[in-house]
Each structure stands twice: as structure tokens, then as C-alpha cells.
Colleague: 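Here it is: the structure, laid out below.
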Amino acid sequence: MAAAMRLLRMPRMTARVRRSLQRLRLQLSGVTDLRRGETLPRWQPSRLNARYQPALRLAERILASESFEQRIGALHVSGFVFDMWKIYEDFVCVGLREALASHGTASLQHRMHLDRAESVDLRPDFLWTAHDGRQVVLDAKYKAEKPAGFPQADLYQLLAYCTVLGLGDGHLVYAKGDEPELSHEVQGAEVTIHCHTVDLDQTPNRLLEQVAAIADRLESRPGPAEWPPLVA
């Protein structure tokens with residue numbers, strides 16, 4: 001019960017997870033919650049509570065604010081490997097979706113096609129449609145992609161999105177240090193690709209403020225010279 005209440009107090013919880021936790025809270029309504037500062041009750045594993053042991057251990061981790069420990073045989077592992085590019089992409093896109101929620105709707109990993117036969121998939125990270133019908137397409141990139149023989153692949157990717165959607169502007173959001181903030185006007189096409197950056201060496205609140213500042217740029221549609229500076 002105490003672990004469920006702790007999780008329900010966490011911000012930015014998805015609606016699906018929050019509903020599941022609320023159902024669990026109702027199912028445990030007869031269980032006394034812990035008071036602030038009260039010592040966590042001790043329990044001993046036994047045959048009678050075998051079914052509940054994984055849940056009890058997880059609850060202990062949550063209430064103690066500890067990390068998970070993965071064990072395989074005699075090898076103890078107290079850490080996990082994360083795909084930073086995926087975490088960064090999700091953070092930027094979900095942050096933008098929430099910041100722009102009152103002005104339109106966003107589609108993450110929007111599926112569309114490059115060709116009329118629909119044999120070549122395109123998946124922009126973020127496609128936002130304002131209430132007035134205008135659209136913004138964007139990719140979040142943890143690092144600038146510059147493999148040998150195909151320089152500036154990110155720009156080609158955004159150009160493809162803009163061409164299919166009929167947009168004059170596309171946006172890239174890089175982790176600061178990988179790409180400067182500038183705009184590229186494509187020759188022979190009425191398309192400009194804008195590169196934004198997010199400084200990851202900041203507190204969580206500052207990171208959210210930077211994403212909100214980018215959202216303001218996207219929503220207000222000013223030219224690059226008029227863009228307000230990001231919060232540092």
C-alpha cells in the first residue's frame with residue numbers, strides 16, 4: 001500500500017500506470033498505510049508468502065529509493081545499460097507534446113511513406129498539428145549522424161519529411177555540443193531545416209524549461225533571428 005501511494009505521488013506518471021496504481025490502492029484499502037518517518041515493517045520469506053515475495057521486494061526498493069539488483073548465478077549486477085539516444089528522444093518528444101498540448105495534438109513516431117507505392121517507411125519522431133491545421137515535424141538526435149559517404153544524414157532525413165508533408169520548415173533537436181544552433185536553407189526547394197540544442201548538463205527543471213522554450217519557438221513560428229534564447 002505504502003509503495004503504491006509513493007508511486008502515485010510521483011509527477012509525470014502516464015494515465016495507464018496511474019489507473020493501475022489506483023486499482024491496486026482500492027484493492028488494498030483495508031491495509032494500514034505507513035506514517036511519515038515510521039520504520040518499514042520487516043517480513044520473512046516463507047512458503048506461505050511465496051506468491052507475494054517479488055511484489056514485497058519491489059515495494060521495499062520503492063520505499064527505500066534504492067536501485068534494482070540483477071543476479072545471475074554467483075554474479076551480482078547492480079546497474080543496467082540504457083540506450084541514451086532513446087531516453088533523450090523520448091524526453092524531448094514527450095516534453096514537447098506536453099508543452100504544446102493546449103495548442104494542438106502530437107503524434108510520436110508518426111508513420112508515413114516516402115513513395116506513392118508506400119514501400120519506403122518514414123517515421124518522424126514528432127509531428128504536431130495545431131488547432132488551425134498547420135504542422136511541425138521534428139527529430140530528436142542525441143548525436144549528429146555523419147557516417148562516411150553520407151554526411152549530414154539528419155538533414156536529408158528532415159528534407160524527406162518536409163517534402164512528403166509539404167512543409168517549408170523542419171526541425172532537429174540535438175544534445176548541446178553535437179551540433180550548433182543554426183538554420184539550413186535547402187537549394188532548389190522552399191525548405192529550411194532548423195537545428196536546436198538542449199544542454200543536458202542542467203537540473204531537471206532547467207531541462208524542462210529548455211524544452212518549453214523550443215515548444216514556444218515551434219508554436220509561435222518566428223524566424224531564427226527572432227527566436228528567444230534557450231534557458232541555460
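The figures that follow rest on heavy atoms only: side chains count, while hydrogens, waters and symmetry mates do not. Values in this document were obtained by computation on a predicted structure and should not be read as measured data.
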Colleague: Just how far is it from atom CD of Gln135 to atom OG of Ser107, taken to the nearest 0.5 Å?
Modeller: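 Those atoms lie 9.5 Å apart.
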Colleague: Locate the shortest heavy-atom distance separating Ser183 from Thr192; write the atom from each residue and the value.
Modeller: CB-CG2, 3.9 Å
Colleague: Please identify each residue that fulfils side chain to side chain contact (heavy atoms under 4.5 Å, CB included) with Ala106, with sequence neighbours left out.
Modeller: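 For Ala106 the side chain to side chain contact (heavy atoms under 4.5 Å, CB included) partners, ignoring immediate neighbours, are Arg97, Phe126, Trp128.
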Colleague: Quick one: side chain to side chain contact (heavy atoms under 4.5 Å, CB included) partners of Asp115, sequence neighbours excluded?
Modeller: His113, Ala117, Ser119, Val120
Colleague: Nearest heavy-atom pair of Ala175 and Tyr88: which atoms, and what distance?
Modeller: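 Answer, listing the atom of Ala175 first, then Tyr88: N-OH, 3.2 Å.
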Colleague: Before you tell me yes or no, could you show the steps for Leu108 and Asp90 under side-chain contact (heavy atoms from CB on, under 4.5 Å), namely the whole-Å CA-CA distance, both residues' side-chain angles and the distance that decides it to 0.1 Å?
Modeller: CA-CA 9 Å; Leu108 306 189; Asp90 290 346; over 6 Å; no
Colleague: Looking at every non-hydrogen atom in both residues, tell me the closest pair between Leu122 and Ala160 and how far apart they are.
Modeller: CD1-O, 4.3 Å
Colleague: Any side-chain heavy-atom pair from Asp199 and Thr197 closer than 4.5 angstrom?
Modeller: no
Colleague: I need the minimum non-hydrogen distance between Gln44 and Asn49, along with the two atoms involved.
Modeller: O-ND2, 2.8 Å
Colleague: Nearest 0.5 Å please: distance from the NE2 atom of His184 over to the CG atom of Leu172.
Modeller: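 If we round to the nearest 0.5 Å, His184:NE2 and Leu172:CG are 8.0 Å apart.
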Colleague: Is there side-chain contact between Asp139 and Asp154, with heavy atoms separated by less than 4.5 Å?
Modeller: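 The answer is no, as the side chains (C-beta and beyond) never meet within the 4.5 Å cut-off.
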Colleague: Could you tell me which non-hydrogen atom of Leu218 sits nearest to which non-hydrogen atom of Leu138, and how far apart they are?
Modeller: CD1-CD1, 3.9 Å
Colleague: For Phe91, enumerate each residue passing the ring-ring contact (aromatic ring centres under 6.0 Å, His included) test, keeping only those at least two apart in sequence or located in another chain.
Modeller: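 Per chain and number, Phe91 pairs via ring-ring contact (aromatic ring centres under 6.0 Å, His included) with no residue.
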Colleague: Is it true that atom CG of Asp201 has more than 12 heavy atoms of other residues, nucleotides or ligands lying nearer than 6.0 Å?
Modeller: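 No, because the 6.0 Å sphere around CG of Asp201 holds 12 heavy atoms or fewer from other groups.
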Colleague: So Val211 and Leu207, do their side chains get closer than 4.5 Å, heavy atoms only?
Modeller: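 Leu207 does not reach Val211 side chain to side chain.
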Colleague: Looking at His171, Met112, Arg111, Gln157, which one forms a side chain to side chain contact (heavy atoms under 4.5 Å, CB included) with Pro124?
Modeller: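 The side chain to side chain contact (heavy atoms under 4.5 Å, CB included) with Pro124 is passed solely by Met112 among His171, Met112, Arg111, Gln157.
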Colleague: Are any of the side-chain heavy atoms of Tyr142 and Leu200 separated by less than 4.5 Å?
Modeller: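 Tyr142 reaches Leu200 side chain to side chain.
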Colleague: Under the rule for side-chain hydrogen bond (donor to acceptor under 3.5 Å, both in side chains), what residues qualify as partners of Gln109, not counting sequence neighbours?
Modeller: Glu89, Asp125
Colleague: Determine all donor-acceptor pairs shorter than 3.5 Å in which one atom belongs to a side chain in residues 162-169; sequence neighbours excluded.
Modeller:
{"unit_1": "Thr163", "atom_1": "OG1", "unit_2": "Leu159", "atom_2": "O", "d": "2.7"}
{"unit_1": "Asp169", "atom_1": "OD1", "unit_2": "His194", "atom_2": "NE2", "d": "2.6"}

Colleague: Which heavy atom of Ala215 sits nearest a heavy atom of Ala99, and at what distance?
Modeller: CB-CB, 3.6 Å
Colleague: NZ/Lys141 to SG/Cys195 distance, rounded to the nearest 0.5 angstrom?
Modeller: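 Lys141 atom NZ to Cys195 atom SG measures 11.5 Å (nearest 0.5 Å).
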Colleague: Applying salt bridge (Lys or Arg N to Asp or Glu O under 4.0 Å), name anything that partners Arg123, two or more places apart in sequence or on another chain.
Modeller: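 Listed in chain order: nothing, the list is empty.
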Colleague: Rounded at 0.5 Å granularity, tell me how far NE2 in His110 sits from OH in Tyr161.
Modeller: 11.0 Å
